[in-house]
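When a residue number appears, it is its place in the shown sequence, counting from 1. We count ligands from 1, going down the list as the structure has it; atoms in each ligand are counted the same way. Small disclaimer: the values here were computed from a predicted structure and weren't measured. Only this structure's heavy atoms are used, side chains among them; waters, hydrogens and symmetry mates stay out.
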Amino acid sequence: MNAPTQFPPAMPAFAEPRHDWTLEEVEALFALPFAELVFRAADTHRQWFDPTEVQLSQLLSVKTGGCAENCGYCSQSSHFDTGLKASKLMEAADVIADAQAAKDGGAQRFCMGAAWRDLKDRDLPKVAAMISGVKALGLETCATLGMLTADQAVALKAAGLDYYNHNLDTGPEYYEQVVTTRTYQDRLDTLGHVRDAGMSTCCGGIVGMGETRRDRASLLHQLGTLPEHPDSLPVNALVPIGGTPLGDKVKAEGELDGLEFVRTVAVARLVCPKSMVRIAAGREAMSRELQALCFLAGANSIFVGAQLLTTPLPGQGKDAALMADLGMKAMGAA
Ligand code: SAM
Ligand code: DTB
Ligand code: SF4
């Protein structure tokens with residue numbers, strides 16, 4: 001009998017993080033046979049993590065709607081009529097009470113999101129009070145407040161902020177189809193300020209906005225060639241919002257195939273092997289089987305609770321049942 005052939009060529013025995021990825025290499029990963037890609041991603045996943053553990057974050061929209069940016073997917077942009085009711089910045093005490101409830105529900109990280117183009121210095125004291133209050137509960141803290149200056153990043157770090165979420169959203173080539181009120185470089189600059197201030201970065205993007213596979217590869221190429229890979233890498237599946245240009249486009253043209261979402265998760269795991277790869281937005285519309293495939297392909301983080309910022313999540317009951325059925329547990333739990 002002949003010896004089994006090796007197909008495709010062997011992967012490196014140990015997946016050390018690299019920062020010199022070429023776009024062609026990332027595209028070649030996307031093009032692997034599905035089972036080979038998922039196998040490689042699963043192998044890399046367990047080189048760095050316990051594959052039965054999942055990190056749990058909970059979001060709160062601390063300032064909803066009325067945003068000046070024109071992100072073509074977003075329910076909160078004032079450029080589009082999405083029917084969302086805007087509200088002003090929450091009081092710190094209310095945010096801290098919500099964080100306590102999130103902790104009681106099992107969340108490890110609490111992320112405060114604001115529908116802002118950028119953080120204004122006048123809002124900094126209130127935001128700092130929220131962060132220090134949440135941190136005092138023993139939760140990891142995360143915020144996503146739009147663009148930051150270098151000084152603001154230092155101030156947030158001093159208040160007790162562990163993570164800052166700022167997404168690249170898509171590859172540079174598709175970017176102008178998504179948003180025109182800030183540049184790709186603006187996003188990279190904010191990420192630089194976050195790193196320089198000593199905070200951990202949470203940075204990813206959205207798939208299913210009508211982009212090509214090359215655009216998805218280009219996003220992951222950008223993330224994989226950053227000076228430091230993101231500590232958390234959210235892969236959002238577009239939640240199509242009626243009234244937004246991209247939500248309406250996707251409703252008319254059809255949503256991204258689930259297997260392509262799994263491929264994106266797997267390539268994220270291979271390109272950024274030590275990052276927490278999160279199945280972020282859109283999980284409510286995913287079957288249990290699709291989520292299980294994502295975990296197999298290297299996802300190890302989710303948002304829990306009833307909702308993200310303005311869109312629903314599966315919720316505690318369904319998530320607990322899925323974790324139990326998959327034999328998975330919260331990261332760090334006994
Ligand atoms: N305003 C801040 C900003 O954009 O940087 C922070 C909040 S913003 C809502 C955070 C991220 O949520 C966006 O960068 C985008 O990746 C994601 N997001 C927003 N709406 C989405 C949607 N409908 N579907 C999927 N992801 C979405
Ligand atoms: C991220 O990448 N996904 C989260 C978090 N960062 C802030 C936000 C998803 C928002 C989904 C749409 C909504 O709920 O409004
Ligand atoms: Fe504003 Fe953020 Fe929504 Fe863009 S994604 S419109 S910056 S809230």
**Report entry** Non-hydrogen atom of G146 closer than 4.0 Å to ligand 1
**Finding:** yes

Requested in this report: Determine, for K63 against D123, whether the closest basic-nitrogen to carboxylate-oxygen distance falls under 4.0 angstrom.
Outcome: no

Requested in this report: State the atoms of ligand 1, each with its element, that fall below the 4.0 Å cut-off from a heavy-atom position in W116.
Outcome: 1 (N), 2 (C)

Query raised in the report: Under 4.5 Å between any side-chain heavy atoms of S301 and I279, yes or no?
Result: no

Query raised in the report: Hey, is A114 one of the residues with a heavy atom under 4.0 angstrom from ligand 1?
Result: yes

Report task. Just need the protein heavy atom nearest to atom 25 (C) of ligand 1, so name the residue and atom and give the distance. Result -> A281 CB, 3.5 Å

Query raised in the report: Which of the atoms of ligand 2 are close to T310, meaning less than 4.0 Å from one of its heavy atoms?
Result: 13 (C), 14 (O), 15 (O)

Query - Sidechain-backbone polar pair: Q108 side chain, M331 backbone, donor-acceptor under 3.5 Å - result: yes

Query - Lys/Arg N to Asp/Glu carboxylate O, R182 vs D118, below 4.0 Å - result: no

Query - Polar side chain donor-acceptor pair, S75 to T310, under 3.5 angstrom - result: yes

Report task. Could you tell me which atoms of ligand 3, counted from 1 in the order shown, lie closer than 4.0 angstrom to a heavy atom of E69? Result -> 1 (Fe), 4 (Fe), 6 (S), 7 (S)

Query raised in the report: Nearest to atom 11 (C) of ligand 2, what protein heavy atom do you find, and at what distance?
Result: A281 CB, 3.8 Å

Query raised in the report: Mind checking whether R187 has an N or O less than 3.5 Å away from an N or O of ligand 1?
Result: no

Requested in this report: Please determine if R109 forms a cation-pi arrangement with Y163, meaning its NZ or CZ atom is less than 6.0 Å from the six-membered ring centre and no more than 45° off the ring axis.
Outcome: yes

Query raised in the report: So which bit of H166 gets within less than 4.0 Å of ligand 1, heavy atoms only: side chain, backbone, both or neither?
Result: side chain

Query raised in the report: Who's the nearest protein heavy-atom neighbour of atom 17 (C) of ligand 1, and how far?
Result: I206 CD1, 4.2 Å

Query raised in the report: Got the closest protein heavy atom to atom 12 (C) of ligand 2, with its distance?
Result: T311 OG1, 3.6 Å

Query raised in the report: Under 3.5 Å, is there a donor-acceptor pair between the Y184 and D169 side chains?
Result: no

Query raised in the report: Using heavy atoms and a threshold below 4.0 Å, how should the contact between N165 and ligand 2 be classified: side chain, backbone, both, or neither?
Result: side chain

Report summary line: For N236, the ligand 2 atoms with a heavy-atom partner under 4.0 Å come out as 1 (C), 2 (O), 3 (N), 9 (C)

Query - Lys/Arg N to Asp/Glu carboxylate O, K103 vs E140, below 4.0 Å - result: no

Report summary line: If you scan protein heavy atoms around atom 3 (C) of ligand 1, the nearest is R182 NH2, 3.6 Å

Report task. Verify the distance criterion only: is there a donor paired with an acceptor across the side chains of D186 and T183 at less than 3.5 Å? Result -> yes

Query - Heteroatom N/O/S of C71 within less than 2.8 Å of atom 1 (Fe) of ligand 3 - result: no

Query raised in the report: Counting distance only, does the side-chain N/O of S77 pair as donor-acceptor with the main-chain N or O of H79 below 3.5 Å?
Result: yes

Query raised in the report: Which heavy atom of the protein is the closest neighbour of atom 24 (N) of ligand 1, given with residue, atom name and distance?
Result: V239 N, 3.0 Å

Query raised in the report: Considering residues, nucleotides and ligands other than E176, do more than 12 of their heavy atoms fall under 6.0 Å from its CD?
Result: no

Query raised in the report: With atoms numbered from 1 as shown, which atoms in ligand 3 lie under 4.0 angstrom from a non-hydrogen atom of W116?
Result: 7 (S)

Query raised in the report: Which part of R182 is near ligand 3, with near meaning a heavy atom under 4.0 Å away: side chain, backbone, both or neither?
Result: side chain

**Report entry** atom 21 (C) of ligand 1 - nearest protein heavy atom and its distance
**Finding:** Y73 CD1, 3.6 Å

Report task. Could you tell me whether K126 and E91 have a side-chain N and a carboxylate O separated by less than 4.0 Å? Result -> yes

Query - Atoms of ligand 3 close to A115 [distance to a heavy atom under 4.0 angstrom, numbered from 1] - result: 8 (S)

Report task. Kindly confirm or rule out an N or O of L309 lying under 3.5 angstrom from an N or O of ligand 2. Result -> yes

**Report entry** Residues E69, C74; criterion side chain to side chain contact (heavy atoms under 4.5 Å, CB included); working and verdict
**Finding:** CA-CA 9 Å; E69 296 275 40; C74 188; over 6 Å; no

**Report entry** Side-chain donor-acceptor contact under 3.5 Å, T180 with N70
**Finding:** yes

**Report entry** Pairwise side-chain contact, E53 with N300, heavy-atom cut-off 4.5 Å (strictly under)
**Finding:** no

**Report entry** Proximity to ligand 3 by part of Y73, non-hydrogen separation under 4.0 Å
**Finding:** side chain

Query - Approximate separation, where rounding is to 0.5 Å, of T149 OG1 and D151 CG - result: 5.0 Å

Report task. Compute the minimum heavy-atom distance from V239 to ligand 2 and say whether it is under 4.0 Å. Result -> no

Query raised in the report: Who's the nearest protein heavy-atom neighbour of atom 14 (O) of ligand 1, and how far?
Result: D169 OD1, 3.2 Å

Requested in this report: Report, in ascending order of atom number, the atoms of ligand 2 lying under 4.0 Å from any heavy atom of T144.
Outcome: 7 (C)

Requested in this report: Give a yes-or-no answer on whether the side chains of Y175 and R187 include a donor-acceptor pair shorter than 3.5 Å.
Outcome: yes

Query - Which of the ligand 2 atoms, numbered from 1, are nearer than 4.0 Å to a heavy atom of N167 - result: 1 (C), 2 (O)

**Report entry** R214 bridged to E173 by N-O distance under 4.0 Å
**Finding:** no

Query - Those atoms of ligand 2 less than 4.0 Å from some heavy atom in P234 - result: 2 (O)

Requested in this report: Report, in ascending order of atom number, the atoms of ligand 1 lying under 4.0 Å from any heavy atom of L238.
Outcome: 24 (N), 25 (C)

Query raised in the report: Looking only at heavy atoms of P240, does any of them come nearer than 4.0 Å to an atom of ligand 1?
Result: no

Query raised in the report: Does M112 have a non-hydrogen atom less than 4.0 Å from ligand 1?
Result: no

Report task. Just let me know how A237 lines up against ligand 1, side chain, backbone, both or neither, with a heavy-atom cut-off below 4.0 Å. Result -> backbone

Requested in this report: Check each atom of ligand 3 against the heavy atoms of C67 and keep those under 4.0 Å away; list them by number with element.
Outcome: 1 (Fe), 6 (S), 7 (S), 8 (S)

Report task. Please tell me if the side chains of F110 and V95 come closer than 4.5 Å, counting only heavy atoms from C-beta onward. Result -> yes

Query raised in the report: Of the backbone and side-chain N, O or S atoms of C74, does one lie nearer to atom 3 (Fe) of ligand 3 than 2.8 Å?
Result: yes

Report task. Tell me, with the steps shown, if D162 and M199 meet side chain to side chain contact (heavy atoms under 4.5 Å, CB included). Result -> CA-CA 6 Å; D162 299 311; M199 284 185 283; over 6 Å; no

Requested in this report: Measure the distance from atom 9 (C) of ligand 1 to every protein heavy atom, then report the residue, atom name and distance (to 0.1 Å) of the closest one.
Outcome: L309 CD1, 3.4 Å

Report summary line: Residue, atom and distance of the protein heavy atom nearest atom 12 (O) of ligand 1 read N167 ND2, 4.4 Å

